[in-house]
Amino acid sequence: MSTPEKLYEGKAKIIYATDDPEILLAYFKDDATAFNAQKRGTIRGKGEINTAISSHLFQQLEAQGVPTHYIDCPAPNEMRVKRVKIVPVEVIVRNIAAGSLCKQTGIAVGTLIEPPIVEFCYKNDELGDPLLTRERLLLMKLATPKQLEQITQLSLLINQLLSDFFNECGITLVDFKLEFGITSDGQLVLADEISPDTCRLWDQSETDPDRRVLDKDRFRRDLGNVESAYQQVLKRVLEHTPN
């Protein structure tokens with residue numbers, strides 16, 4: 001059996017070609033990065049955990065009408081996905097003030113954001129993934145006005161569905177990052193992953209601002225117990241099936 005062709009390697013995943021030109025294989029790594037890869041490390045078992053969480057959540061979203069690139073998982077840290085052209089925009093949905101929003105605005109951590117806000121960042125490591133206005137995004141032709149409207153509405157729908165799901169797991173979805181892609185037939189779909197790497201998640205049974213953290217902030221802020229936090233999210237996600 002020939003070695004699959006590696007098409008791309010990012011911070012968290014390696015993308016391989018398959019025998020079908022419309023299907024790719026995503027390999028989830030244990031590597032961890034923060035602050036635009038200035039901080040690097042390894043979270044043991046992260047690849048398998050994030051694959052399992054993403055797979056479960058993609059399937060839940062598909063069942064509720066959200067189109068995704070997900071197909072299946074042939075191995076614990078591998079996901080088969082539809083080939084898409086990634087829209088070079090990171091979409092951030094915020095329900096509670098945290099992270100860069102607080103640093104850039106002075107808004108207190110934990111401030112409820114009602115209604116949730118949708119932000120856009122340019123996917124460009126060299127520029128540090130800068131925050132974009134809608135006008136700049138359109139000026140740079142990173143997406144069409146129609147795509148931008150679709151992305152915004154889908155992101156808000158995904159936020160509502162995921163917030164409800166995590167709430168039933170005893171977890172607060174503080175904020176999260178999404179990426180979208182265009183399939184060969186022109187459909188806009190949710191891509192990338194949904195995991196503790198891309199979501200800020202707080203344990204509702206904890207009030208301590210450090211102990212409640214169940215996401216990559218444990219790695220970013222050197223809080224320790226990173227693997228156990230990821231495992232806790234996986235356990236709750238897999239145990240919960242919405243009505």
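Quick note: residue numbers are just sequence positions, from 1.
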#### Entry: Stepwise side chain to side chain contact (heavy atoms under 4.5 Å, CB included) test for Y122 and L137
CA-CA 8 Å; Y122 182 28; L137 191 155; over 6 Å; no
[X] bridged to [Y] by N-O distance under 4.0 Å:
{"X": "R236", "Y": "D203", "answer": "yes"}
{"X": "D30", "Y": "K46", "answer": "no"}
{"X": "R83", "Y": "D20", "answer": "no"}
{"X": "K177", "Y": "D197", "answer": "no"}
{"X": "K82", "Y": "E22", "answer": "no"}

Salt bridge (Lys or Arg N to Asp or Glu O under 4.0 Å) between R218 and D210: does it pass, once the steps are laid out? CA-CA 8 Å; R218 301 206 70 85; D210 291 341; over 6 Å; no
query = When the ring planes of Y27 and Y16 are compared, do they come out parallel, tilted or perpendicular, using 30° and 60° as the limits?
reply = perpendicular
Side chains of [X] and [Y]: donor-acceptor distance under 3.5 Å anywhere?
{"X": "E193", "Y": "T198", "value": "no"}
{"X": "R211", "Y": "S205", "value": "no"}
{"X": "N124", "Y": "D129", "value": "no"}
{"X": "Q232", "Y": "S228", "value": "no"}

Roughly how far apart are [X] [atom1] and [Y] [atom2], rounded to 0.5 Å?
{"X": "L61", "Y": "Y70", "atom1": "CG", "atom2": "OH", "answer": "12.5 Å"}
{"X": "I96", "Y": "R200", "atom1": "CD1", "atom2": "CZ", "answer": "10.5 Å"}
{"X": "L173", "Y": "L161", "atom1": "CG", "atom2": "CG", "answer": "11.0 Å"}
{"X": "R40", "Y": "T33", "atom1": "CZ", "atom2": "OG1", "answer": "6.5 Å"}

task: Start with the C-alpha gap between D125 and K11, add the side-chain angles, then the distance that decides, and say whether salt bridge (Lys or Arg N to Asp or Glu O under 4.0 Å) holds.
output: CA-CA 11 Å; D125 288 341; K11 299 168 189 171; 3.4 Å; yes
Mark yes or no for whether [X], through its side chain, and [Y], through its backbone, hold a donor-acceptor pair below 3.5 Å.
{"X": "E62", "Y": "F58", "value": "no"}
{"X": "S54", "Y": "I194", "value": "yes"}
{"X": "Q204", "Y": "I171", "value": "yes"}
{"X": "Q64", "Y": "Q60", "value": "yes"}

Starting from the C-alpha separation in whole Å, work towards a yes-or-no answer on side chain to side chain contact (heavy atoms under 4.5 Å, CB included) for I151 and L188. CA-CA 8 Å; I151 287 171; L188 180 78; 3.7 Å; yes
Is it the case that atom CG in D185 sees more than 12 heavy atoms from other parts of the structure closer than 6.0 Å? yes
| In this structure, are over 12 heavy atoms from other groups packed under 6.0 Å from R136 atom CZ? | no
- request: Using the side chain to side chain donor-acceptor pair (under 3.5 Å) rule, take E149 and Q153 through it: C-alpha gap first, then chi angles, then the decisive distance, then the call.
  value: CA-CA 6 Å; E149 177 62 23; Q153 294 307 314; 3.1 Å; yes
